[in-house]
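Note that these values count all heavy atoms, side chains included, but never hydrogens, waters or copies made by symmetry.
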Amino acid sequence: MSVSEQSPTGEIAAGYAFSGPALELGALLWDGECHPDARIRIPLPMLNRHGLVAGATGTGKTKTLQLVAEQLSANGVPVFLADIKGDVSGISAPGAEGERVRERAAQVGQEWVARGFPCEFYGLGGVGQGIPVRATVTSFGPVLLSKVLQLNQTQEQSLGLIFHYADQKGLELVDLKDLRAVVAFLVSDVGKPELKGIGGLSTVTAGVILRSITAFEQQGAGGFFGEPEFDTAEFLRTAPDGRGTVSLLELPSVQDKPQLFSTFLMWMLADLYGDLPEVGDLEKPKLVFFFDEAHLLFNGASKAFLEAITQTVRLIRSKGVGVFFVTQTPKDVPGDVLAQLGNRVQHALRAFTPDDAKALKATVRTFPKSAYDLEEVLTGLGTGEAVITVLSETGAPTPVAATRLRAPESLMGPIAADALEAAVKGSVLWGRYAEAVDRESAYEKLTAEQRAAEEAALRAAEEARAEKAAKTSARAPRKEDPSLAEQVAGSGMFTSLARSIGTQLGREISRSLFGTARRRR
């Protein structure tokens with residue numbers, strides 16, 4: 001059905017008639033009719049202006065991500081996707097043409113061709129089949145780790161003090177046992193003086209932190225921290241044919257640890273932010289990063305944490321990275337972050353309860369003035385339909401458009417387990433990251449110092465005992481020599497332990513907004 005330039009549909013369609021390269025999202029919907037000649041698109045250079053994909057469960061958000069990721073890859077833009085449910089791996093394989101696909105393609109004027117796209121599959125800490133993604137505790141930093149451990153503000157500040165001390169003294173926090181060793185040392189009689197000049201660490205707070213670390217490890221999270229640490233620059237790779245690589249972080253195995261994977265996603269983003277140079281506006285982004293289940297990141301977040309997220313999202317645009325938050329309603333995203341998201345794809349919302357109705361009204365208020373009755377449209381959208389507004393080539397918002405979305409050209413579902421395993425093991429990255437490495441770090445250094453002090457004390461005791469035995473027959477009884485405990489305490493060995501650590505070649509680590517360590521690639 002054609003549209004008239006003077007009609008509302010014509011005015012809306014004109015707002016999406018871009019002259020430069022653009023991604024095809026779908027066709028305009030008006031009064032229940034689909035207009036295939038009114039194409040709804042998003043300019044490729046505007047993908048680094050960030051965006052939001054929202055909607056109730058089952059409305060098609062995942063397929064929207066797949067549709068956008070395919071076209072970004074085809075345009076040479078690398079993509080990062082978090083695969084929460086394990087059903088996005090099909091983007092690596094050609095889709096299956098069926099009646100529903102042909103029908104959707106005809107409705108929106110799409111020339112559908114089955115094709116797969118270059119993919120790399122990752123897994124947090126090696127859980128699942130993907131290439132292991134690990135971070136060192138030092139790199140992860142105190143702010144993000146506090147979020148994972150669910151520490152309060154006072155405990156977060158104390159953890160920051162612990163990281164500061166470890167940074168200064170060259171005690172590398174590679175895994176959680178390193179962190180536990182440093183915390184235990186700093187509340188020991190030997191270690192307490194180390195922090196006197198900068199505030200100290202209370203035994204109660206240290207106990208809370210240690211218990212949180214232990215509980216975290218018991219949930220199986222210890223393997224996510226360690227080496228080799230993943231280089232997030234791997235996400236910027238392109239295939240030999242010039243298409244962007246789609247990096248899929250497989251998360252089904254850690255669905256029961258939502259705080260962990262959402263915070264790990266933020267670490268990845270913060271790490272990219274710290275390493276990439278300023279590039280300003282580009283013809284196409286260096287990377288588009290989809291942040292799924294975004295509400296998990298913001299739930300219970302401290303003010304400082306939210307400020308750091310806002311700052312990162314605001315500034316990473318100038319480094320050529322676009323970020324799309326994926327969640328159920330816009331109200332899941334704090335206002336300061338939502339204000340940075342210029343591109344919006346809003347799938348259907350439901351209004352079954354008073355809370356649903358309130359969320360619906362709040363969502364409508366976040367859109368520009370529209371020719372639609374958005375409350376009615378948003379509750380009446382079908383699966384694979386959405387209300388869209390994006391930034392035009394001039395940076396101005398496009399008219400709000402109800403849209404029937406195109407069908408993805410790759411497989412809409414997971415690939416077979418053996419195919420996934422073959423793709424993972426065949427990757428050039430498998431040999432680089434597959435095997436965990438446990439080198440000397442804070443735990444080993446502190447343990448070695450402790451062991452050396454104990455051995456020296458024992459040798460001193462043995463020598464004293466032997467000397468005493470040799471002289472016993474040659475002299476009159478006298479007051480007993482100092483006990484072993486007294487010799488250890490008086491020998492200065494334990495004081496030497498703290499001093500020897502303090503005189504190591506220190507290295508103050510430069511940290512970012514999130515307290516993540518800055519590394520030289």
| Glu229 and Ser139 side chains, donor-acceptor separation under 3.5 Å | yes

| note | Taken to the nearest 0.5 Å, the spacing of Leu171 CG from Ile162 CD1 works out to 12.0 Å

| message | The test is side chain to side chain contact (heavy atoms under 4.5 Å, CB included); show your working for Val428 and Arg237 and say whether it passes. | response | CA-CA 12 Å; Val428 295; Arg237 296 164 61 228; 3.7 Å; yes

| query | Can any side-chain N or O of Asp231 pair as donor or acceptor with the backbone N or O of Ala233 at less than 3.5 Å? | reply | yes

| field | Flag side-chain contact, heavy atom, 4.5 Å: Leu306 against Asp336 | value | no

| task | Verify whether one side chain among Asp271 and Thr232 offers a donor that lies under 3.5 Å from an acceptor in the other. | result | yes

| query | So, do Val53 and Asp292 sit near enough that their side-chain heavy atoms are less than 4.5 Å apart? | reply | no

| said: Any non-hydrogen side-chain atom of Leu391 less than 4.5 Å from a side-chain atom of Pro43? | reply: no

| field | Nearest non-hydrogen partners of Arg344 and Leu341, listed with the distance | value | CD-O, 4.1 Å

| task | May I ask you to test the Thr516-Tyr273 pair for a side-chain heavy-atom distance under 4.5 Å? | result | no

| Considering residues, nucleotides and ligands other than Phe305, do more than 12 of their heavy atoms fall under 6.0 Å from its CZ? | yes

| remark: Test side chain to side chain donor-acceptor pair (under 3.5 Å), reference Tyr433, set Glu234, Glu227, Arg134, output is Glu234

| request: Start with the C-alpha distance between Thr57 and Gln328, add both sets of side-chain angles, then the distance that settles side-chain hydrogen bond (donor to acceptor under 3.5 Å, both in side chains), and finish with yes or no. | output: CA-CA 7 Å; Thr57 301; Gln328 294 204 353; 3.0 Å; yes

| request: Mind listing the closest non-hydrogen atom pair of His50 and Arg317 along with its distance? | output: NE2-CB, 3.7 Å

| query | Can you check whether Pro132 reaches Trp430 side chain to side chain, under 4.5 Å on heavy atoms? | reply | yes

| Between Asp83 and Val88, is there a donor-acceptor pair closer than 3.5 Å when you use the side chain of the first and the backbone of the second? | yes

| query | At their closest point, which heavy atom of Gln129 faces which heavy atom of Val424, and how far apart are they? | reply | O-CG1, 3.1 Å

| message | Taking Thr62's backbone N and O only, do any of them form a donor-acceptor pair with Lys85's side chain (distance below 3.5 Å, no angle check)? | response | no

| field | Nearest heavy-atom neighbours spanning Ile415 and Ala93 | value | CG2-CB, 4.0 Å

| message | Measuring from atom CG of Leu236 to atom CG of Leu287, what distance do you get when rounded to the nearest 0.5 angstrom? | response | 5.5 Å

| request: Just do the salt bridge (charged side-chain N to carboxylate O under 4.0 Å, His left out) check on Glu375 and Lys361 with the steps written out, would you? | output: CA-CA 7 Å; Glu375 285 193 37; Lys361 290 182 181 297; 3.4 Å; yes

| note | Rounded to the nearest 0.5 Å, the CG atom of Leu173 sits from the CG atom of Asp167 at a distance of 7.0 Å

| field | For Glu409, the option from Lys63, Arg104, Arg115 that meets salt bridge (charged side-chain N to carboxylate O under 4.0 Å, His left out) | value | Arg115

| request: With side chain to side chain contact (heavy atoms under 4.5 Å, CB included) as the test, would you mind laying out the steps for Val133 and Met268 before giving the verdict? | output: CA-CA 10 Å; Val133 173; Met268 293 174 187; 3.8 Å; yes

| message | I'd like to know if the side chain of Gln340 and the backbone of Val337 have a donor-acceptor N/O pair within less than 3.5 Å. | response | no

| task | Mark yes or no for whether Ser92, through its side chain, and Ser89, through its backbone, hold a donor-acceptor pair below 3.5 Å. | result | yes

| message | What I want to check is whether the side chains of Glu70 and Ser410 have a donor and an acceptor closer together than 3.5 Å. | response | yes

| Stepwise side-chain hydrogen bond (donor to acceptor under 3.5 Å, both in side chains) check, Ser427 with Glu120 | CA-CA 7 Å; Ser427 170; Glu120 291 283 6; 2.8 Å; yes

| message | Please find the pair of heavy atoms, one from Ser73 and one from Val79, that lie closest to each other, and give the distance. | response | N-CG2, 4.4 Å

| Are the side chain of Lys331 and the backbone N or O of Ala359 linked by a donor-acceptor pair below 3.5 Å? | no

| message | Before you tell me yes or no, could you show the steps for Leu249 and Leu124 under side chain to side chain contact (heavy atoms under 4.5 Å, CB included), namely the whole-Å CA-CA distance, both residues' side-chain angles and the distance that decides it to 0.1 Å? | response | CA-CA 8 Å; Leu249 184 64; Leu124 281 187; 4.3 Å; yes

| task | Give the ring-plane orientation class for Phe264 versus Phe224, where under 30° counts as parallel, over 60° as perpendicular and anything between as tilted. | result | perpendicular

| task | May I ask you to decide if Leu201's main-chain N or O and Thr205's side chain share a donor-acceptor pair within less than 3.5 Å? | result | no

| Is any side-chain N of the basic residue among Glu24 and Arg41 closer than 4.0 Å to the acidic one's carboxylate O? | yes

| request: Check whether any side-chain heavy atom of Val174 lies under 4.5 Å from a side-chain heavy atom of Val437, and answer yes or no. | output: no

| query | Are any side-chain N or O atoms of Gln66 and backbone N or O atoms of Gly413, one a donor and one an acceptor, separated by less than 3.5 Å? | reply | no

| request: Indicate yes or no: at least one non-hydrogen side-chain atom of Leu65 is less than 4.5 angstrom from one of Phe324. | output: no

| query | Can you check whether Lys286's main-chain N or O pairs, donor with acceptor, with Lys319's side chain at less than 3.5 Å? | reply | no

| Between CG on residue Leu381 and CD on residue Gln346, distance to nearest 0.5 Å | 8.5 Å

| request: In sequence, state the C-alpha distance, the side-chain angles, and the governing distance for Thr447 and Lys177, and then conclude on side chain to side chain contact (heavy atoms under 4.5 Å, CB included). | output: CA-CA 11 Å; Thr447 302; Lys177 74 176 185 296; over 6 Å; no

| task | Please confirm whether the backbone N or O of Thr329 pairs with a side-chain atom of Asp332, one donor and one acceptor, at under 3.5 Å? | result | yes

| task | Measure the acute angle between the ring planes of Phe235 and Phe230, then classify it against the limits of 30° and 60° as parallel, tilted or perpendicular. | result | tilted

| query | Cut-off 3.5 Å, side chains only: do Ser212 and Gln150 have a donor facing an acceptor? | reply | no

| message | Distance check, rounded to the nearest 0.5 Å: Leu145 atom CG versus Thr263 atom OG1? | response | 9.5 Å

| query | Which pair of non-hydrogen atoms, one from Thr59 and one from Ala348, has the smallest distance, and what is that distance? | reply | CG2-O, 3.6 Å

| field | Separation of Thr398 OG1 from Ile42 CD1 (nearest 0.5 Å) | value | 8.5 Å

| Heavy-atom check, side chain of Leu179 versus side chain of Phe225, under 4.5 Å | no

| field | Flag if over 12 foreign heavy atoms under 6.0 Å of CD, Gln153 | value | no

| query | Should we say atom CD of Glu283 is surrounded by more than 12 heavy atoms from elsewhere, each under 6.0 Å from it? | reply | no

